[in-house]
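Quick notes on the structure that follows.
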Amino acid sequence: MAAICVFCASSRTLDRRWLALATETGAEIARRGHTLVSGGGCVGMMGALADGARAGGGPTVGVIPQALVDLEVADLKSDELLVTDSMASRKTLMIDKSDAFLTLPGGLGTLDELFEVWTTATLALHGKPMVLVDADGFYRPLLDWLAALTEQQFLKPAGLDLLTVVDSVPAALDALESRLT
C-alpha cells in the first residue's frame with residue numbers, strides 16, 4: 001500500500017489524550033496495510049505513533065538527524081532507521097520516502113514539516129495528498145489565520161484547498177486513501 005508520513009509532537013510532557021491519538025493513528029495506518037514514515041523519534045507522540053503501528057503489525061520507517069540520535073531519542077525499533085546530517089535533509093528525505101502526509105497536533109517542528117510539504121505542493125513540486133487532523137479544534141486558530149491570509153490575498157484559495165482538514169484519524173486515512181487511488 002502507501003507510505004504515509006505523519007508529523008506530530010515529540011514532547012515528553014503532553015497530555016495522555018495526545019499520546020492516545022498518536023497510538024490510534026499508528027494502529028490505523030497498520031490496520032489499513034500502510035507503512036508509517038515518521039521523524040524517527042522514540043519519545044512523545046512520535047514514539048507512541050511508531051509503537052501503535054508496530055503493535056498493529058505495520059512496518060515503520062524513521063528519518064532522524066544524527067544530532068537527535070546523539071541525544072538518544074532515536075526509535076531504534078524502526079524497521080528502517082535513516083539517519084541524516086541535518087533537519088533540512090531529514091524533511092527532504094521524509095518527502096521523498098512518502099506517498100502522503102498526515103499532520104497531528106504538534107508544535108514548531110510539526111508546523112515546520114507541515115508548511116514544508118504544503119509549500120512544495122503549492123509550487124507543484126509534488127502532488128502528494130496532505131491531511132491535517134484538527135482533533136478537539138487544536139488547529140482552529142491556525143486555520144482561521146490561514147483563511148484570513150486568503151481573504152487578504154497572501155494565499156491563493158487553490159493553495160489552501162491543497163490541505164484537507166478533518167477531525168478524526170479514520171477520516172484522515174479515508175481522505176488520504178481516496179486521493180491515492
Show me the side-chain donor-acceptor pairs of residues 145-169 shorter than 3.5 Å, one per line, residues at least two apart or across chains.
{"residue": "T150", "atom": "OG1", "partner": "L146", "partner atom": "O", "Å": "3.2"}
{"residue": "S168", "atom": "OG", "partner": "A171", "partner atom": "N", "Å": "3.3"}

Does the side chain of V117 reach to within under 4.5 Å of the side chain of M94, using non-hydrogen atoms? no
Nearest 0.5 Å please: distance from the OG atom of S10 over to the CG atom of L68. 7.5 Å
State whether the side chain of H34 and the backbone N or O of A2 hold a donor-acceptor pair below 3.5 Å, judged by distance alone. yes
Using 0.5 Å steps for rounding, measure from the CG atom of L176 to the NZ atom of K128. 12.5 Å
Is it possible for you to say whether L111 and L21 belong to one hydrophobic cluster, with membership spreading through side-chain heavy-atom contacts below 4.5 Å? yes
Please check if the side chain of K97 supplies one atom and the backbone of V63 the other of a donor-acceptor pair under 3.5 Å. no
Looking only at heavy atoms, what is the nearest atom pair of A53 and A30, with distance? O-CB, 3.4 Å
Euclidean distance, S11 OG relative to M46 CE, rounded to 0.5 Å: 11.0 Å
Do other residues, nucleotides or ligands put more than 12 heavy atoms under 6.0 Å from the CG atom of L108? no
Which residues share a ring-ring contact (aromatic ring centres under 6.0 Å, His included) with F138, sequence neighbours left out: W18
Is there a path of hydrophobic side-chain contacts, each under 4.5 Å between heavy atoms of I/L/V/M/F/W/Y residues, joining I29 to M1? no
Name every donor-acceptor pair, under 3.5 Å, that has one atom in a side chain of residues 73-85 and the other anywhere in the protein, sequence neighbours excluded.
{"residue": "D75", "atom": "OD1", "partner": "R54", "partner atom": "NH2", "Å": "3.1"}
{"residue": "D75", "atom": "OD1", "partner": "K77", "partner atom": "N", "Å": "3.3"}
{"residue": "D75", "atom": "OD2", "partner": "R54", "partner atom": "NH1", "Å": "3.0"}
{"residue": "D75", "atom": "OD2", "partner": "R54", "partner atom": "NH2", "Å": "3.3"}
{"residue": "D75", "atom": "OD2", "partner": "S78", "partner atom": "OG", "Å": "3.2"}
{"residue": "S78", "atom": "OG", "partner": "D75", "partner atom": "O", "Å": "3.2"}
{"residue": "D79", "atom": "OD2", "partner": "T60", "partner atom": "N", "Å": "2.8"}
{"residue": "T84", "atom": "OG1", "partner": "S86", "partner atom": "O", "Å": "3.0"}
{"residue": "D85", "atom": "OD1", "partner": "S89", "partner atom": "OG", "Å": "2.7"}

Would a 4.5 Å heavy-atom cut-off, applied to side chains only, mark V6 and F101 as touching? no
With the 4.5 Å side-chain cut-off for hydrophobic clustering, are L180 and L102 part of the same group? no
Minimum heavy-atom separation for M45 to L19, with atom names? N-CD2, 3.6 Å
Hphob cluster co-occupancy, F7 + L143, side-chain heavy atoms under 4.5 angstrom: yes
Looking only at heavy atoms, what is the nearest atom pair of G39 and I64, with distance? O-CB, 3.5 Å
Measure across T35 and P59 and return the closest heavy-atom pair with its distance rounded to 0.1 Å. OG1-CG, 3.4 Å
Short side-chain to backbone donor-acceptor contact, S178 and A175, under 3.5 Å: yes
Between CG on residue L49 and CG on residue L104, distance to nearest 0.5 Å: 7.0 Å
R32 with E177: basic N within carboxylate O range, under 4.0 Å: yes
Y139, F115: one ILVMFWY side-chain cluster at the under-4.5 Å cut-off? yes
Any chance you could measure S38, atom OG, to E113, atom CD, to the nearest 0.5 Å? 9.5 Å
Working to the nearest 0.5 Å, report the span between SG of C5 and CG of L93. 10.0 Å
Donor-acceptor check, side chain of T103 to backbone of L132, threshold 3.5 angstrom: yes or no? no
